[in-house]
Structures are given as C-alpha cells and as structure tokens.
There are 2 protein chains.
Amino acid sequence: MATGRTHRPATRSRGIPEATVARLPLYLRALTALSERSVPTVSSEELATAAGVNSAKLRKDFSYLGSYGTRGVGYDVEYLVYQISRELGLTQDWPVVIVGIGNLGAALANYGGFASRGFRVAALIDADPAMAGKPVAGLPVRHTDELESIITDNDVSIGVIATPAGAAQQVCDRLVAAGVTSILNFAPTVLSVPEGVDVRKVDLSIELQILAFHEQRKAGEETTSAQEPAAAVQPRSGAAVRTPAAGRAAGKGPDGDVPAVMPA
Amino acid sequence: MATGRTHRPATRSRGIPEATVARLPLYLRALTALSERSVPTVSSEELATAAGVNSAKLRKDFSYLGSYGTRGVGYDVEYLVYQISRELGLTQDWPVVIVGIGNLGAALANYGGFASRGFRVAALIDADPAMAGKPVAGLPVRHTDELESIITDNDVSIGVIATPAGAAQQVCDRLVAAGVTSILNFAPTVLSVPEGVDVRKVDLSIELQILAFHEQRKAGEETTSAQEPAAAVQPRSGAAVRTPAAGRAAGKGPDGDVPAVMPA
DNA sequence: TAGATTGTTAATCGATTAACAATC
DNA sequence: TAGATTGTTAATCGATTAACAATC
C-alpha cells in the first residue's frame with residue numbers, strides 16, 4: 001500500500017532535477033510568448049525576467065538539457081521552444097480524461113491551455129446519470145460505467161480527478177487499474193497509488209492557507225508581534241485542550257472535504 | 001519593478017521553514033478527519049501516514065511549532081488542530097474576493113473547503129456587465145467598477161485571480177492598490193507585484209506538463225530509452241532550427257493563454 | 001518498571017546563487 | 001578585436017532523513 005507521493009524521489013535517468021523540471025513549463029510559456037512576437041533570440045537575463053526567476057538559475061537549468069545557447073548572443077527562441085517541448089514530452093499527443101464534471105471539471109474541460117500543449121481531452125466522465133450525454137466544452141459527458149473502456153480505447157495514460165474528496169480514491173483505483181499511470185488530483189485527499197504511478201495534486205484550500213500564514217505574519221509585524229505564540233510558555237497539560245476557536249477550525253461544518261484516513 | 005515571486009525568501013520571523021509551512025495544511029486536514037472521528041490522540045507515525053509524509057519529517061516540522069506531543073503517547077488531536085490552526089492564522093476570519101467569475105471562478109466560489117477554514121468569500125467580481133447581479137454560489141456577482149470599494153469596505157487582504165491571462169496583471173495592480181497584500185493567481189501569467197505582496201500561483205497546465213515529463217520517461221524505459229535526446233550529438237547550428245513539431249508546440253492556436261511579457 | 005514515542009542531533013542530499021573562465 | 005553572454009564551478013543554503021537519547 002504505497003502512499004501517494006506528490007513527485008518522484010528524483011529523476012535519475014539522465015538526471016534532470018525535479019526543481020528544474022517544474023520550471024521548464026515556465027520557460028516554455030515565456031518563450032512561446034516571445035515566439036508569437038517573432039523575437040528571434042533572447043538572453044538568459046531577459047528570459048529569466050519574463051519567467052520570474054533569476055538568470056543564474058535559468059542557465060543552470062538549461063545546462064541540464066544541453067548547450068543550446070550561443071555565448072555573446074543568447075538563445076534562439078524557436079530552437080529552445082522545441083528543445084524544451086521535446087524534453088517535457090509535449091511534441092507528442094497526450095490523451096487525458098477528466099473525471100468529475102462539476103464546476104471545476106467543466107472549468108478544466110474549457111481550459112484552453114491544454115490543447116495547445118499536446119494535451120487532448122479524450123473524454124469527460126461523471127458519475128451522475130443525468131449528466132450523461134450533456135455537452136460540456138463541446139464533448140458529451142460519459143458515464144463512469146464507461147471509464148475502463150474509454151481508457152483502453154484511447155490509450156489514456158493521464159487522468160485528472162475533479163470529483164468530491166469522497167469519490168477520489170475509488171476513481172483513482174479504477175483509473176490505475178485501467179492503465180492510467182499519471183494522475184492530477186484536485187480532490188482534497190491523499191491518494192494511495194501503487195509504485196510507478198505519479199500523482200500531483202492541486203489544492204486550492206492549501207494555497208490559501210499558506211497565504212494566510214504569511215498574511216498573519218505581516219499583520220503581526222505591524223503591531224510589533226504582540227500576539228506571538230510565546231514558545232517559551234509551553235501551554236502543555238495533557239488532556240484535550242479545546243477552545244471555541246479550535247472547534248470552528250476543526251471544521252465540523254458540512255464540508256465533505258475530508259480524506260478517508262486509514263491509520264495503521 | 002519587482003518580479004512576482006511565488007513565495008518569500010524564507011520565513012525569518014521566529015523561523016518556520018517554508019517547506020514546513022506548506023505541509024501544515026496537510027497535517028491539519030488529516031487531524032481534522034481524526035477529530036471528526038473523535039480519535040483522541042495520534043502518533044507521529046499514524047499522522048504521517050495519513051498526511052502522506054514520513055514521520056521523521058512530521059516530527060521535525062512540529063518541532064518548529066513547539067513541543068506539543070507527549071513522549072510515549074503521541075499528540076492530542078484537538079490540541080494540535082488548534083495549535084496548527086493558530087499558527088496558520090486560521091483562527092481568524094479572512095475575507096477574500098474572487099475576481100473573474102468564469103467556469104473556474106464559479107468553481108472556486110462553490111468550493112466548500114474555504115469557509116470551514118476561516119476564509120469567507122466577501123465578493124465575486126467580474127468585468128462582464130451582463131454578469132452583474134447574477135447569483136453565483138449564493139452571492140450576487142459585482143462589477144469590476146466596485147472592486148476598490150469592496151476591498152476597502154470589507155478589509156480584504158487576500159485576492160483570488162481567476163481571470164483570463166490578459167486581464168490578470170491589471171486586476172492584480174488594482175487589488176494591490178486597493179490594499180490587498182496576498183494574491184492567489186490562477187491565470188497563467190507571471191505577476192509583477194511590489195515588495196511586501198505575496199503571490200502564489202496555481203497553474204493547471206504546468207502540472208500536466210510535469211506529469212507528461214515523467215510519463216515520457218516511463219514510456220522511454222519500457223523501450224530501453226530508444227528515443228533518448230542523445231546529449232552527446234549537440235545538434236547546434238546557429239540560426240533558427242524549426243521543425244513542424246516546434247511550430248505546433250509554440251502554440252500559434254487560439255489560446256489566449258500567454259502572459260504579457262515585458263523584457264527589460 | 002518496561003514499552004512506546006517524542007524531540008533533537010548530525011549526516012546527507014538537493015537546490016540556489018555568485019562569480020568567472022570560455023567563447024561567440 | 002572588444003563586448004556580450006553562456007556554461008560551469010564552487011560555495012552556500014535549506015530540506016530531508018535516520019538514529020537515538022530523553023522521557024512520558
């Protein structure tokens with residue numbers, strides 16, 4: 001029972017660091033914009049600024065791909081677009097399925113950024129029989145019953161899960177059993193997948209919580225950190241210390257946003 | 001002209017590492033699930049499994065918060081829920097605005113995970129006059145003209161941008177000018193913000209591209225990496241090397257998904 | 001007490017960055 | 001050639017992990 005990992009330990013084969021892989025799409029996007037403006041070459045400094053990183057990092061990243069620049073000149077935009085696309089595997093077509101066609105699933109289906117990068121939405125799948133046949137983003141929604149045949153018939157290896165949290169693991173299991181080996185998970189749950197299956201997760205709530213942390217620090221600085229936790233006080237006791245705030249934060253409300261935890 | 005950074009250099013004040021901060025919401029979610037099942041205590045091993053990390057990392061993370069566990073026993077679930085909530089700033093209310101009420105914006109507005117964690121959707125804002133007044137997730141959509149007054153009146157410090165890429169920077173500028181200091185950006189653009197403003201970004205396409213990279217490697221391994229880039233060959237030349245694939249990958253299509261790049 | 005589990009140490013690993021020699 | 005800019009080195013920094021003493 002392998003626990004869902006967000007990314008692989010490290011990319012051993014020919015060894016491009018994971019951090020570098022995660023930035024390649026940023027470079028690609030900036031380069032694509034330059035390409036559309038017919039800019040022929042770009043320096044590491046310019047491209048780094050456009051991508052929001054510093055130039056040393058960019059050059060180091062590119063050094064893992066090969067020597068694609070020209071000293072004294074910079075990088076050929078079109079050539080680099082191709083090299084990065086190839087490295088990312090975007091020069092081939094990736095059929096994907098989206099499971100769970102609620103608000104988010106529909107948003108994903110309509111998202112234009114997929115098609116232009118080699119991702120083709122092979123099917124939209126939902127468990128609600130009332131949804132079946134309804135067109136979303138120009139595609140008829142298919143029922144979950146067809147999941148396995150859709151995967152097989154279209155050689156789908158990438159699945160997107162946009163279901164409620166409660167259904168995510170089950171959907172994941174079916175996707176994996178049918179042959180999917182990469183999963184992008186929008187459900188707020190930790191997915192368990194077998195070895196060899198990659199899971200990446202996007203969690204809207206987590207991102208906001210991280211922002212809230214920093215926001216709180218900012219507010220604290222203004223007032224010279226008056227309500228600092230006071231780490232020295234050590235408010236330990238033993239039994240359950242429950243406060244009104246804890247009750248709220250525990251989210252007893254109708255959330256439906258809780259992973260199916262299974263402690264050993 | 002500060003380039004948009006995804007996260008701060010490091011959290012100096014009282015020094016909780018950024019990597020730890022990013023995991024606190026995972027722990028909180030797992031703990032909330034345990035709390036709902038009325039589990040009184042949990043060991044680092046159990047909680048780590050539920051959160052999808054290893055126990056050494058979890059204990060190290062918690063050590064930055066203080067000594068909240070009991071040796072030989074584990075952690076009190078309710079107490080830890082409260083401590084982490086407080087550390088993340090979730091024991092207070094954070095009014096947020098969502099700008100751009102398309103598919104994605106509507107999905108975010110309907111997302112249940114916000115309210116239960118101290119985030120309150122203060123307003124939904126869209127530039128389309130036809131949307132104004134329409135109810136989405138129980139709230140009437142407000143027009144962009146009202147953006148500044150909404151921010152001020154509701155003391156909003158966190159903004160969510162779900163507009164098309166082309167509008168994102170402008171919306172960002174207005175949010176910041178009106179007093180927002182944390183931004184969650186769903187538009188596929190690098191945002192420029194002044195010092196002191198935090199930007200986190202969620203990019204659906206980037207996540208898929210990272211998956212494609214690993215997926216390609218998997219496929220390559222099966223066939224003993226027959227189509228490996230051949231780093232030794234160095235296919236350098238100088239002028240624009242354009243291939244059919246590069247043209248496609250450059251995304252000349254009707255994408256609308258390109259950041260407004262501004263090279264120095 | 002004996003068993004269990006935390007909190008911390010220290011070693012290791014990976015990522016970032018500045019600086020500069022190589023070279024177009 | 002002189003100027004510009006890459007590709008790489010080496011130092012630094014931050015994150016992860018295993019191991020275990022402290023202690024409930």
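Throughout, protein chains are lettered first and strands after them, A, B, ... in sequence-line order, and every chain is numbered starting at 1. No hydrogens, no waters, no symmetry mates; every other heavy atom, side chains included, goes into these values.
Between B:Asp61 atom CG and D:dG14 atom C1' there is a gap of 13 Å when expressed in whole angstrom units. Between the CG atom of A:Leu65 and the P atom of D:dG7 there is a distance of 10 Å, rounded to whole Å. Per the geometry, OH belonging to A:Tyr64 stands 7 Å off P belonging to C:dA15, to the nearest Å. Put simply, NZ on A:Lys60 is 13 Å from C1' on C:dA18, counting in whole angstrom units. Straight-line distance from the CZ atom of A:Phe62 to the C1' atom of D:dG7: 12 Å, rounded to whole Å. A straight line from CG of A:Leu58 to C1' of D:dT8 spans 14 Å, rounded to a whole angstrom. As rounded to whole Å, 8 Å separates atom C1' of D:dA15 from atom CZ of B:Arg23. Atom P of nucleotide D:dG14 and atom CD of A:Glu18 are separated by 21 Å, given to the nearest angstrom.
Between B:Glu87 atom CD and B:Leu28 atom CG the span is 12.0 Å, to the nearest 0.5 Å.
For A:Arg71 against D:dT5, no side-chain N or O and base N or O form a donor-acceptor pair under 3.5 Å.
Of the candidates B:Asn185, B:Leu184, B:Leu104, B:Val160, B:Leu184 is the only one forming a side chain to side chain contact (heavy atoms under 4.5 Å, CB included) with B:Val202. For the pairing with B:Tyr68, the ring-ring contact (aromatic ring centres under 6.0 Å, His included) check across B:Tyr82, B:Tyr79, B:Tyr75 returns one residue only, B:Tyr79.
Of the N and O atoms on the side chains of A:Asp61 and A:Thr20, at least one donor lies less than 3.5 Å from an acceptor on the other residue. No side-chain N or O of B:Glu36 forms a donor-acceptor pair with one of B:Thr32 less than 3.5 Å apart.
Across every non-hydrogen atom of A:Val176 and A:Pro194, the tightest pair is CG1-CG, 3.7 Å.
Remark: B:Thr70 is not in phosphate contact with D:dC24, judged by side-chain N or O atoms under 4.0 Å from OP1 or OP2. Applying the 4.0 Å criterion to OP1 and OP2 of C:dT5, one finds that B:Ser43 has every side-chain N and O outside that range.
Considering only side-chain atoms of B:Tyr75, the nucleotide from D:dT6, C:dG7, C:dT16 that sits closest is C:dG7. Counting only heavy atoms from C-beta on, B:Arg59 has its side chain closest to C:dT8 among C:dT8, C:dT17, D:dT6.
Under a 4.0 Å N-O distance rule, the pair A:Arg59/A:Glu45 does not qualify as a salt bridge.
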Intra- and inter-strand pairing of DNA chain D, written as dot-bracket with Watson-Crick and G-U pairs under 3.5 Å and | for the latter, reads ..||||||||||||||||||||||

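With the nearest nucleotide of DNA chain C identified for both A:Asn54 and B:Ser44, B:Ser44 has the one nearer the 5' end.
Counting any heavy atom pair closer than 4.0 Å across all strands shown, B:Ala56 reaches a base atom.
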